[in-house]
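Remarks on the structure that follows.
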Amino acid sequence: MSEAKDANDEHDTNDTGESRVPRRERLDLLQRRLAEFAAARGWEPYHTPKNLAVALSVEAAELVEIFQWLTPEQSAKVMEKPETAHRVADEVADVLAYLLQFCEVLGVDVLDALAAKIERNELRFPVAGAPAPNRHSSE
């Protein structure tokens, strides 16, 4: 594992910096809420991997649409305007909601998958001039 903090162990903090609920638990809770929301409405038959992947793509495209004709400088400032900040936050939430539902249906642990991908990328794209990380032969 890299020396970076494990995302599974990080805690969110309140305004005073005190730890609240571990991120892993918050993510699991949100995933359960999404599943319960869909179940209460009888949407499970429609929440197939294909449908969720398509919905995820559509929501990602809606996020892209906000930035489509902005300059790099304008795009860096979208969160300064309340109306665009709200739109960005909503689309990010939609993308994350569909990603979490997709992972739930397929049994993918999103945090483990991300940690493993970062690890592979660190090996694939080492920092120039940095020594290779020490790896045990069984890893």
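Being a predicted model, the structure only gives us computed values, none of them experimental. Along the sequence shown, residues are numbered consecutively beginning with 1.
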Taking the side chain as every heavy atom from C-beta outward, state whether Glu91 and Ile66 have any pair of such atoms under 4.5 Å apart. yes
Roughly how far, to the nearest 0.5 Å, is CZ of Arg87 from CD of Glu83? 9.0 Å
Same cluster or not: are Leu52 and Val108 linked, directly or through other Ile, Leu, Val, Met, Phe, Trp or Tyr residues, by side-chain heavy atoms under 4.5 angstrom apart? yes
Does the side chain of Leu114 come within less than 4.5 Å of Val110's, by heavy atoms? no
State yes or no: do Leu106 and Leu100 share one hydrophobic cluster built from I, L, V, M, F, W and Y residues joined by side-chain heavy-atom distances below 4.5 Å, directly or via other members? yes
Apply side chain to side chain contact (heavy atoms under 4.5 Å, CB included) to residues Val105 and Thr48 and explain how you reach the verdict. CA-CA 7 Å; Val105 166; Thr48 65; over 6 Å; no
Report yes or no: does Gln101 contribute a side-chain atom to a donor-acceptor pair with the main-chain N or O of Ala97 at less than 3.5 Å? yes
Derivation and outcome, side chain to side chain contact (heavy atoms under 4.5 Å, CB included), residues Gln74 and Thr84: CA-CA 11 Å; Gln74 291 169 324; Thr84 54; over 6 Å; no
Determine, using the 4.5 Å side-chain heavy-atom cutoff (strictly less than), whether Leu70 and Met79 are members of one ILVMFWY cluster. yes
Please tell me if the side chains of Phe67 and Val88 come closer than 4.5 Å, counting only heavy atoms from C-beta onward. yes
For the CZ atom on Arg124, are there more than 12 heavy atoms of other groups (residues, nucleotides or ligands in this structure) within a distance under 6.0 Å? no
Is there a side-chain contact between Cys103 and Leu99, using heavy atoms and a 4.5 Å cut-off? yes
Assess, by modelled atom type and distance only, whether the side chains of His86 and Asp90 contain a donor and an acceptor separated by less than 3.5 Å. yes
Please round to the nearest 0.5 Å and tell me the distance separating atom NZ of Lys77 and atom OG1 of Thr71. 8.5 Å
When clusters are formed by joining ILVMFWY residues with side-chain heavy atoms under 4.5 Å apart, either directly or through shared neighbours, do Leu63 and Phe102 land in the same one? no
Nearest 0.5 angstrom please: Asp94 CG to Glu62 CD, how far? 7.0 Å
Just so I know, are the side chains of Glu104 and Leu34 near enough to count as touching, which here means a heavy-atom distance under 4.5 Å? no
Least distance between heavy atoms, Asn51 atom then Tyr46 atom: ND2-O, 2.9 Å
Could Asp28 and Arg23 be called an ion pair, given the rule that one side-chain N must be under 4.0 Å from one carboxylate O? no
Between Asp112 and Lys117 (salt bridge meaning N to carboxylate O under 4.0 Å), is one present in this structure? no
Any idea which heavy atoms bring Leu56 and Val95 closest together, and the distance? CD1-O, 3.3 Å
Here the gap from Phe125 atom CZ to Arg120 atom CZ, rounded to the nearest 0.5 Å, amounts to 11.5 Å
Arg41 to Phe37, cation-pi by 6.0 Å centre distance and 45° axis angle: yes
